[in-house]
Enquirer: 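Starting off with a structure, shown below.
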Amino acid sequence: LVSLADVVAVVTLADERELGLPAEQEQRGEGSSPREVTLDVEQVLWKREGATGSPPNRFKTFGLGYVYHDGKRFETEYAGSSDFQSGERYVVALIDYSHEPGTGPLGGWGTFSQGVIIPLEGDRLASQPERGPIAVELAGHTLPEVTAQLSQTKPYPSALAHPDHSATVR
């Protein structure tokens with residue numbers, strides 16, 4: 001996480017919209033439709049040394065969308081739940097994709113991994129072991145505890161050697 005992410009922040013889903021199926025998939029009633037999500041950044045908990053920026057207070061990126069099968073619409077899930085729900089707060093790892101031509105989701109900032117979109121229950125990270133080892137390790141911790149833990153964690157040596165490289169290269 002501290003080797004690849006640029007920022008770990010608390011965000012809230014402010015808005016969302018389905019982007020729709022391409023025409024040929026719509027005709028078949030089969031395919032997948034991504035979702036554009038607008039996230040409000042409440043607080044930056046940690047920033048990678050050498051990171052060149054911080055996310056804006058509000059930005060758009062992609063979220064899990066929908067799959068169509070036999071003309072029926074199903075919500076895409078990761079580990080038994082969707083990524084963002086309206087009005088809920090999450091701790092997320094973010095990457096600034098703006099220096100990676102052709103990969104920037106809707107303006108540059110995006111989520112690092114579905115496994116690092118962890119819901120908050122009050123000011124504690126929710127217990128969601130199905131989201132993977134990072135979620136298990138951080139479950140039940142308060143935001144100050146997460147900040148302290150991230151600040152004390154050392155990145156991979158290769159990431160330290162190339163802090164100016166993009167996340168996909170580090």
Enquirer: Run through Glu75, Glu16, Glu18 and flag the one making a side-chain hydrogen bond (donor to acceptor under 3.5 Å, both in side chains) with Arg35.
Expert: Glu16
Enquirer: Rounded to the nearest 0.5 Å, how far does CZ of Arg17 lie from OG of Ser33?
Expert: 9.5 Å
Enquirer: If Ile, Leu, Val, Met, Phe, Trp and Tyr residues are connected whenever their side-chain heavy atoms lie under 4.5 Å apart, and connections chain through other members, are Val136 and Leu150 in the same group?
Expert: no
Enquirer: Kindly compute the distance separating NE2 (His141) from CG (Leu125), expressed to the nearest 0.5 Å.
Expert: 9.0 Å
Enquirer: Would you indicate whether the side-chain heavy atoms of Asp6 and Leu94 approach each other to under 4.5 Å?
Expert: no
Enquirer: Could you tell me whether a side-chain N or O of Glu88 sits under 3.5 Å from a main-chain N or O of Leu13, the two making a donor and an acceptor?
Expert: no
Enquirer: Determine whether Asp123 and Leu143 satisfy the following criterion, side-chain contact (heavy atoms from CB on, under 4.5 Å), listing intermediate values before the conclusion.
Expert: CA-CA 6 Å; Asp123 280 335; Leu143 296 176; 3.9 Å; yes
Enquirer: I'd like to know if the side chain of Arg124 and the backbone of Ala139 have a donor-acceptor N/O pair within less than 3.5 Å.
Expert: no
Enquirer: Is Thr111 close to Val116 at the side-chain level, that is, under 4.5 Å between some pair of heavy atoms?
Expert: no
Enquirer: When rounded to the nearest 0.5 angstrom, what is the spacing between OG1 in Thr147 and CG in Leu45?
Expert: 4.0 Å
Enquirer: As an exercise, state the distance from CD of Gln27 to CD of Gln25, rounded to the nearest 0.5 Å.
Expert: 11.0 Å
Enquirer: Quick check: is Val67 connected to Leu19 through a chain of hydrophobic side chains (ILVMFWY, heavy atoms under 4.5 Å apart)?
Expert: no
Enquirer: If you measure from CD1 on Ile117 to CD1 on Ile134, what distance do you get to the nearest 0.5 Å?
Expert: 11.5 Å
Enquirer: Mind checking whether Tyr90 and Phe84 have parallel, tilted or perpendicular rings, split at 30° and 60°?
Expert: perpendicular
Enquirer: For the atom pair CD (Glu42) and CG (Asn57), what is the distance rounded to the nearest 0.5 Å?
Expert: 11.5 Å
Enquirer: Decide, yes or no, whether a salt bridge links Asp15 with Lys60 under the criterion of side-chain N to carboxylate O below 4.0 Å.
Expert: no
Enquirer: Linking Ile, Leu, Val, Met, Phe, Trp and Tyr by side-chain heavy atoms under 4.5 Å, what else ends up with Tyr68?
Expert: Leu21, Tyr66
Enquirer: Look at the side chain of Thr76 and the backbone N and O of Gly65, then say whether any donor-acceptor pair between them is shorter than 3.5 Å.
Expert: yes
